[in-house]
Amino acid sequence: QKEVEQDPGPLSVPEGAIVSLNCTYSNSAFQYFMWYRQYSRKGPELLMYTYSSGNKEDGRFTAQVDKSSKYISLFIRDSQPSDSATYLCAMNTGFQKLVFGTGTRLLVSP
Amino acid sequence: GAGVSQSPSNKVTEKGKDVELRCDPISGHTALYWYRQRLGQGLEFLIYFQGNSAPDKSGLPSDRFSAERTGESVSTLTIQRTQQEDSAVYLCASSSRTGGLHQETQYFGPGTRLLVL
């Protein structure tokens with residue numbers, strides 16, 4: 001079993017939809033949770049970063065962490081075609097290496 | 001632009017040949033990471049440098065893989081006697097501190113796409 005599970009998609013939505021992306025994990029020592037966005041043939045770029053449980057909002061993006069369920073989510077409101085990319089969840093204990101999910105490919109159609 | 005840079009962008013090699021991949025981190029970043037991304041999969045950690053030392057090499061898949069870092073700057077990942085299963089995108093990231101008890105953002109380069117024929 002992988003430490004971090006993420007549905008690879010693709011997830012197709014119309015422009016303006018609310019998108020929900022999720023990951024589950026097995027290591028209860030994880031404390032730092034991140035969402036990266038990766039466009040085709042580019043490196044991942046950090047979107048959201050959350051420490052421990054709770055919510056964090058940044059513009060159209062909201063990250064949620066539920067440590068009791070070992071479940072994290074990224075919500076995108078008013079999705080745009082420019083949001084079409086692969087979204088990777090990542091997490092660690094605070095010490096160096098990140099453990100990534102497989103990534104979910106999101107397609108937002110105009 | 002002072003981001004992480006990697007070279008070459010693409011590399012095609014024959015099975016059994018050695019390859020060297022280069023990473024230039026953001027200036028002043030003491031921590032450097034190598035990850036591998038196989039097609040349709042997430043990033044796999046390979047090795048972590050703090051300064052010029054590598055306290056965590058746990059992700060290197062075999063002794064054919066090695067990495068070094070000099071001058072707390074450039075790092076080179078070397079794959080000897082390449083195999084077809086080594087085909088992947090090799091990504092480098094840097095951050096400003098070790099991480100310690102405080103997470104530091106890892107900034108990624110564009111990656112090197114390696115194809116072993």
Side-chain angles (χ1 to χ4, degrees), chain A residues 1-10 21-27 29-54 56 58 63 65 72 74 85-105, chain B residues 1 3-7 9-10 21 23-26 29-51 53-60 88-113:
Chain A
Q1 183 186 4
K2 294 181 181 178
E3 275 191 292
V4 180
E5 298 279 358
Q6 185 176 10
D7 187 331
L21 304 167
N22 311 290
C23 289
T24 59
Y25 63 94
S26 57
N27 187 348
F30 287 145
Q31 295 188 71
Y32 296 87
F33 304 90
M34 284 135 277
W35 287 93
Y36 281 83
R37 179 174 62 195
Q38 186 175 27
Y39 291 112
S40 181
R41 305 187 72 80
K42 301 287 187 184
E45 57 177 327
L46 182 67
L47 266 182
M48 300 287 286
Y49 153 56
T50 308
Y51 170 68
S52 194
S53 285
K56 187 172 184 178
D58 184 0
V65 175
I72 70 170
L74 177 70
T86 296
Y87 290 80
L88 300 150
C89 63
M91 52 200 75
N92 69 4
T93 61
F95 292 88
Q96 297 98 36
K97 69 181 182 185
L98 292 170
V99 180
F100 282 84
T102 56
T104 299
R105 187 176 169 211
Chain B
V4 178
S5 60
Q6 293 186 245
S7 60
S9 300
N10 297 280
L21 312 179
C23 172
D24 282 90
I26 292 171
H29 279 192
T30 58
L32 186 148
Y33 309 79
W34 284 98
Y35 293 87
R36 177 171 71 175
Q37 187 174 29
R38 290 172 163 165
L39 187 64
Q41 299 188 24
L43 280 69
E44 306 170 70
F45 168 79
L46 296 178
I47 187 170
Y48 154 67
F49 286 93
Q50 176 55 35
S53 64
D56 189 350
K57 306 178 183 179
S58 63
L60 294 177
V89 178
Y90 289 82
L91 289 154
C92 175
S94 69
S95 69
S96 60
R97 288 201 299 185
T98 61
L101 291 175
H102 303 284
Q103 176 62 40
E104 291 292 336
T105 299
Q106 294 184 25
Y107 296 89
F108 282 83
T112 293
R113 283 153 189 80

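Residue numbering restarts at 1 for every chain, and letters A, B, ... go by the order of the sequence lines.
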Which distance, rounded to the nearest 0.5 Å, do you find between the [atom1] of [X] and the [atom2] of [Y]?
| X | Y | atom1 | atom2 | result |
| --- | --- | --- | --- | --- |
| B/Leu46 | A/Lys97 | CG | NZ | 10.5 Å |
| A/Tyr32 | B/Thr105 | OH | OG1 | 11.5 Å |
| B/Phe45 | A/Asn92 | CZ | CG | 10.5 Å |
| B/Tyr35 | A/Phe100 | OH | CZ | 5.5 Å |

Which portion of [X] sits near chain A, non-hydrogen atoms under 4.5 angstrom:
| X | value |
| --- | --- |
| B/Leu43 | both |
| B/Gln37 | side chain |
| B/Ser9 | neither |
| B/Arg113 | side chain |

Task: Part of A/Gln38 within contact of chain B (heavy atom distance under 4.5 Å) - done: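 Answer is side chain: those atoms of A/Gln38 sit under 4.5 Å from chain B.
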Open item on the list: Less than 4.5 Å to any heavy atom of chain B: does that hold for the side chain of A/Pro44, its backbone, both, or neither?
Closed with: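 The answer is both parts of A/Pro44.
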Open item on the list: Only pairs of heavy atoms separated by less than 4.5 Å count here; which of A/Gln31, A/Lys42, A/Arg41 has the most with chain B?
Closed with: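 Maximum pair count with chain B is reached by A/Arg41.
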Task: Contacts of A/Glu3 that satisfy salt bridge (Lys or Arg N to Asp or Glu O under 4.0 Å) - sequence neighbours left out - done: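 With sequence neighbours excluded, A/Glu3 shows a salt bridge (Lys or Arg N to Asp or Glu O under 4.0 Å) to no residue whatsoever.
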Task: All salt bridge (Lys or Arg N to Asp or Glu O under 4.0 Å) counterparts of A/Arg105, not counting sequence neighbours - done: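 If we apply the salt bridge (Lys or Arg N to Asp or Glu O under 4.0 Å) test to A/Arg105, skipping adjacent residues, there are no hits.
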Open item on the list: If you count every heavy atom of other residues, nucleotides or ligands that lies below 6.0 Å from B/Tyr107 atom OH, does the total exceed 12?
Closed with: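 No.
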